[in-house]
Amino acid sequence: VASRLLADETALSVVDESGAVLANVPRLGTKVSSRLGALQRRVIFPGQGIFETGDNDAIDALLHGHSGWLHRIEASWPAIIASLLGAAAAAAWFFFYGAPMTAAALARATPPQLARFMTTEALSTLDGRVLHPTKLSQIQRQHFLSRFAAMAEPHKAYRLLLRDAPLIGPNAFALPDGRIVLTDQLAAMVRSDAEIDGVFAHEMAHVDRVHVLQRVYQTSLVPAAIAFVTGDATQVSHFASILPGILLQSAYSRQFEQEADDDAAATLRRHGEDPGKLADLLERMTQALCHSQDCEPGWLGGHPPTSVRATRLRGAKAR
Ligand SMILES: [Zn+2]
């Protein structure tokens, strides 16, 4: 039997073709099945009666005041999923691109006095704990200092710090203001001038490309943003406090390490030296520290593995 559903503020009624009322029920307690494609909609009355129709738009219009908010949420589930996916994509974008871009912009905008302050604070944490006065002879010191000066561009404010570091072992690392630490343990492994020149060029590249500051800001982007937006100087001590940990971890991203290696290779070629020598030293360091061709993630074993870096450096010789 063809019938029609009518609604007023409080009640629903079903009438037949002649207009006779077949049923009259309060709207409260009436349920309507969800809209799903072209499926028949069911209006379920409190007394188990059911009205079925294929006219979805009419049902939605008729019952708008009845189940409007619920229906709107149900109807917008594709929109909800889309907005969740959108939020996830935005978060992923920020993690992979936005945060590094922000960190890079902050690093380049960091005033020299701030970089110097952070460096001094970090060194005061490390000195006496993991870094100790060098045990190199006066002649050795002079030799490394003069190699270092030869690799440095004249107008750049790099400074070489020689330190005994039995806990750290063979390593060199750059600090934000251009100070570069070379451990006695690495100095002892160096077999040629080209090798140590390569180390210096590599660390100078990390300074030039503000890699350390970028890592500091990536690690603490929120405090960094607060500091730059509010000019709150107390946040600076936060960066200074995480810097030693970052230096000891010594794990740069694959991109940073590759950039520093490529820059070092270019510098070495300019000096008429073979970038492959730096590869030799890296391999020797890795062998000494990890007793294999590549280290586990950590020390030298961040990204990229030594074997990958060595191959690239040796390739740079020909380029
Ligand atoms: Zn490096």
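Quantities reported herein were computed from a predicted structural model and do not represent experimental measurements. We use all heavy atoms of the structure for the numbers below, so side chains are in, but hydrogens, waters and symmetry mates are not. When a ligand or atom number is given, it counts from 1 through the structure's own listing order.
- For the side chain to side chain contact (heavy atoms under 4.5 Å, CB included) with Glu195, the qualifying choice from Arg284, Met189, Glu273 is Arg284, the only one to do so.
- Residues satisfying the side chain to side chain donor-acceptor pair (under 3.5 Å) criterion with Ser146, sequence neighbours excluded, are absent altogether.
- Around the Zn ion (ligand 1), protein N, O or S atoms at less than 2.8 Å comprise His202 NE2, His206 NE2, Glu257 OE2.
- At a cut-off of 3.5 Å, with distance as the only test, a side-chain donor of His206 or Glu257 sits close to an acceptor on the other residue.
- No more than 12 heavy atoms of other residues, nucleotides or ligands sit less than 6.0 Å from atom CD1 of Ile139.
- Other residues, nucleotides and ligands contribute more than 12 heavy atoms inside 6.0 Å of the CZ atom of Arg141.
- The only member of Tyr217, Phe173, Phe256 that meets ring pair (Phe, Tyr, Trp, His ring centres under 6.0 Å) when paired with His211 is Phe256.
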